[in-house]
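Below: one structure, written as structure tokens.
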Amino acid sequence: VRSQGALRGSTAAPAAAGTSMALVGALAGGLSVAGFLRASKRTARSGAKAQKANVVRQAVANEISEENPLRVIIAGGGVGGLLLAKALTKEKHVTVNLLEQTSQFARFGGPIQIASNALSVIRAVDETLFNTLMEKFTFTGCRRNGLVDALRTEWYCPFDAMETSADYFELPYTGVVDRPDLQDILLESLPEGTLTNSKKVAKYKILDDAQGVEVTCEDGSVHEGDVYIGADGIWSATRSQMWNEPKKGPGSGCTYSGYVVFAGETVYKPEDYFDVGYKVYMGPKRYFVTSDVGDRKSTRLNSSHLCN
């Protein structure tokens, strides 16, 4: 969790509970949060009663309201940025400015797995969004999943908890969806005017007296808000500036791990298709994963994760 900032109004006038929880969710997801919610001037000396009284008065004047909404800027229209934007647009008295560097979204990427707890978050954010996602979803958590001996092709560590824990906590089952489908569903769920394309963030500046944050894009445009959240990918400009480190390469926090991953899809229907969600074939110094990623017409297997 990487954050800099303080709630608008300091402790005298905290933001609405729903807004606070949404921002906590962003932090829990590992997003970089840079900037201050618009706040009253912080007390320079904790013992000065007159200054404390002034803080309280200014905090009340700066309370979040319909006339004075909380302005949130998000960099990056990936899955994380899109879902965060959707969550915040449902909050009362919050405006969202989502900046995406690409001129238009393209369909790319393969199937991704969404676990029960993540599905529950999506459902809590918006029931309609969740139901739309279910139309493109393939459940695997209700089938047999786990580790298989690649040499003997025998099960030796089934992941039974994927099903039993979901049943116990009444969660949706884990499953997979094509990333382009998830992206389209999230895009279509956003209110008009939330997203702006062709806006690649170059830098940010925290304004004096905790009056917000100023975000500058590579095209020279400047955007002001109360909170700035960097969801701008593995080579994040936000993280780079916040922690004074390179965007990529040694020292960036994103150093290459040394693993090589090969992924592909094939139309294949094994004998145990209806019983198995995915198998992790464990071999000497490498493993191989097969998973049903379905398209509701044919059975496809994602063969991936051949690692050194």
Side-chain angles (χ1 to χ4, degrees), residues 1-8 15 19 22-39 69-89 91 94-109 179-180 182-183 186-187 190-257:
V1 175
R2 302 178 173 189
S3 64
Q4 298 175 349
L7 289 177
R8 177 194 298 181
T19 303
L23 292 174
V24 168
L27 290 170
L31 304 179
S32 299
V33 180
F36 292 87
L37 306 193
R38 190 159 62 244
L70 182 70
R71 303 166 300 163
V72 179
I73 301 174
I74 303 172
V79 171
L82 290 170
L83 183 58
L84 176 61
K86 175 61 178 178
L88 291 178
T89 56
E91 293 291 331
V94 175
T95 63
V96 179
N97 183 10
L98 177 57
L99 306 175
E100 164 56 30
Q101 64 177 332
T102 59
S103 58
Q104 61 181 7
F105 285 90
R107 290 182 62 87
F108 72 93
R179 187 191 183 282
L182 176 60
Q183 174 182 275
L186 289 169
L187 283 169
L190 292 179
E192 187 175 355
T194 301
L195 172 71
T196 305
N197 288 93
S198 301
K199 295 294 180 182
K200 185 175 183 178
V201 171
K203 61 182 179 179
Y204 69 87
K205 176 184 177 182
I206 297 176
L207 302 178
D208 294 336
D209 298 324
Q211 291 302 303
V213 62
E214 183 180 270
V215 178
T216 302
C217 295
E218 289 189 352
D219 64 0
S221 60
V222 177
H223 309 262
E224 287 192 8
D226 302 311
V227 185
Y228 168 55
I229 302 172
D232 43 346
I234 191 171
W235 295 329
S236 168
T238 308
R239 184 193 64 247
S240 175
Q241 179 179 343
M242 181 182 295
W243 296 96
N244 191 28
E245 62 186 20
K247 290 183 181 180
K248 57 182 177 179
S252 67
C254 299
T255 305
Y256 173 52
S257 66

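Remember, predicted model here, so these are calculated numbers, not experimental data. Hydrogens, waters and symmetry mates play no part in the numbers below; they use all other heavy atoms, side chains included.
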Exercise. Could you list all the salt bridge (charged side-chain N to carboxylate O under 4.0 Å, His left out) pairs where at least one residue sits in residues 74-87, not counting sequence neighbours?
Key: K86-D126
Quiz item: Where the side chain of N197 meets the backbone of E100, is there a donor-acceptor pair that is under 3.5 Å apart?
Solution: no
Self-check item: Closest contact, heavy atoms only, P246 versus S240
Solution: C-OG, 3.8 Å
Quiz prompt | Nearest heavy-atom neighbours spanning L186 and L83 | solution = CD2-CD1, 4.0 Å
Quiz item: How many angstroms lie between atom NE2 of H223 and atom OG1 of T216, to the nearest 0.5 angstrom?
Solution: 8.5 Å
Practice problem: Search all heavy atoms of E214 against all heavy atoms of E224 and return the closest pair with its distance. | Solution: OE1-OE2, 3.8 Å
Quiz prompt | Distance-minimising heavy-atom pair for G225 and I73 | solution = N-CD1, 3.6 Å
Quiz prompt | Distance, nearest 0.5 Å, that separates CD1 of I74 from CG of L99 | solution = 9.0 Å
Quiz item: Can you tell if the side chain of V227 reaches within under 4.5 Å of the side chain of V213, non-hydrogen atoms only?
Solution: no
Quiz item: Has the side chain of R239 got a donor or acceptor atom that lies under 3.5 Å from a matching backbone atom of I234?
Solution: yes
Practice problem: Check side chain to side chain donor-acceptor pair (under 3.5 Å) between D219 and all other residues, then give those that pass, not counting sequence neighbours. | Solution: K199, S221
Quiz prompt | Passing candidate, side chain to side chain contact (heavy atoms under 4.5 Å, CB included) with L98, options T196, V72, L82 | solution = L82
Exercise. Would you please test R179 and F108 for side-chain contact (heavy atoms from CB on, under 4.5 Å) and show each step?
Key: CA-CA 7 Å; R179 187 191 183 282; F108 72 93; 3.8 Å; yes
Quiz item: Taking Q241 for the side chain and A202 for the main chain, is one N or O donor matched with an acceptor at less than 3.5 Å?
Solution: no
Self-check item: Short side-chain donor-acceptor distance under 3.5 Å, T238 and Y204
Solution: no
Self-check item: Closest non-hydrogen atom pair, K247 against S236
Solution: CG-O, 4.2 Å
Exercise. State whether the side chain of D232 and the backbone N or O of A237 hold a donor-acceptor pair below 3.5 Å, judged by distance alone.
Key: yes
